[in-house]
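Note: hydrogens, waters and symmetry copies are ignored here, and every other heavy atom, side chains too, is used.
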Amino acid sequence: MIQTTVPTLQSAQPPVATPAAAIVDRMRFELASRLKLSSSDLVLVSLTTMTWPDGCLGLGGPGVVCTQALVPGWLAVFRVPDGREFRFRGAGDRYAAE
C-alpha cells in the first residue's frame, strides 16, 4: 500500500508583529537627535499593528516605484514635551517617518 503525504501550506507573508525593542530605541534616538532633545524626553504613545498598502508603507509619491502587495507592519507614535506627536511607519526592522 502506498501512502502519500499532503504538504502543509504556509503563508508566504510573515505574521504581523511589533518591532523589536532595539528598533523602537533606534527610532527614539533618531527623533531625539533631530529635535535636539534627550531620548528620555520622548514618550512612546502607541504602537499599533497595521497592514500597509504597498512596499513603500503607503508613503510613496509620484514617480516612486513600490511593490504592490499588502505589507504587514506597525505604526509607532512618539510625543515630545511640547505635546507634538511624531509618527513612524514600519515593517520588520525598517521604518520611515511620516
key: Gly58 to Pro53 - nearest heavy-atom pair and separation   =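 Scanning both residues, the minimum pair turns out to be CA-CG, 3.8 Å.
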key: Least distance between heavy atoms, Ala76 atom then Leu47 atom   = CB-CD1, 3.7 Å
For [X], check salt bridge (charged side-chain N to carboxylate O under 4.0 Å, His left out) against everything at least two apart and list the hits.
{"X": "Asp93", "result": "none"}
{"X": "Arg28", "result": "none"}
{"X": "Arg26", "result": "none"}

task = Can you label the angle between the Tyr95 ring and the Phe88 ring as parallel, tilted or perpendicular, going by 30° and 60°?
result =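 Because their plane-to-plane angle is over 60°, the rings of Tyr95 and Phe88 count as perpendicular.
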Qualifying residues under side-chain contact (heavy atoms from CB on, under 4.5 Å), relative to Val64, sequence neighbours excluded =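 Only Cys56, Cys66 meet the side-chain contact (heavy atoms from CB on, under 4.5 Å) criterion with Val64.
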request  = Tell me, please, which residues at least two apart from Glu85 pass side-chain contact (heavy atoms from CB on, under 4.5 Å).
outcome  =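 Glu85 satisfies side-chain contact (heavy atoms from CB on, under 4.5 Å) with Val45, Val77, Arg79 only.
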ask   = Does any non-hydrogen side-chain atom of Phe78 lie less than 4.5 Å from one of Val24?
value =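 A side-chain contact under 4.5 Å exists here.
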query = Does some side-chain heavy atom of Thr51 sit less than 4.5 Å from a side-chain heavy atom of Val71?
reply = no
task = Show the numbers, then the answer: is there a side-chain contact (heavy atoms from CB on, under 4.5 Å) between Leu57 and Arg94?
result = CA-CA 10 Å; Leu57 310 176; Arg94 63 189 182 100; 3.9 Å; yes
request  = Write out all pairs satisfying disulfide bond (SG atoms under 2.5 Å apart) with one or both partners inside residues 19-55, taking only residues at least two apart or from two chains.
outcome  = none
query = Taking the side chain from Trp52 and the backbone from Gly90, do they hold a donor-acceptor pair closer than 3.5 Å?
reply =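 Yes; judged by distance alone, with no hydrogens or angles, the pair exists.
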ask   = Of all residues at least two apart in sequence or in a different chain, which pass the side chain to side chain donor-acceptor pair (under 3.5 Å) check with Ser38?
value =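 So Ser38 forms a side chain to side chain donor-acceptor pair (under 3.5 Å) with Ser40.
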ask   = Under the side chain to side chain donor-acceptor pair (under 3.5 Å) test, which residues partner Arg87, sequence neighbours left out?
value = Glu98
request  = May I have all residue pairs that pass salt bridge (charged side-chain N to carboxylate O under 4.0 Å, His left out) and include part of residues 34-54, sequence neighbours excluded?
outcome  = none
inquiry  = Between Leu44 and Trp74, is there shared hydrophobic-cluster membership here, with clusters defined by ILVMFWY side-chain heavy atoms closer than 4.5 Å?
reply    = yes
remark   = By ring-ring contact (aromatic ring centres under 6.0 Å, His included), Phe86 pairs with (sequence neighbours left out) none
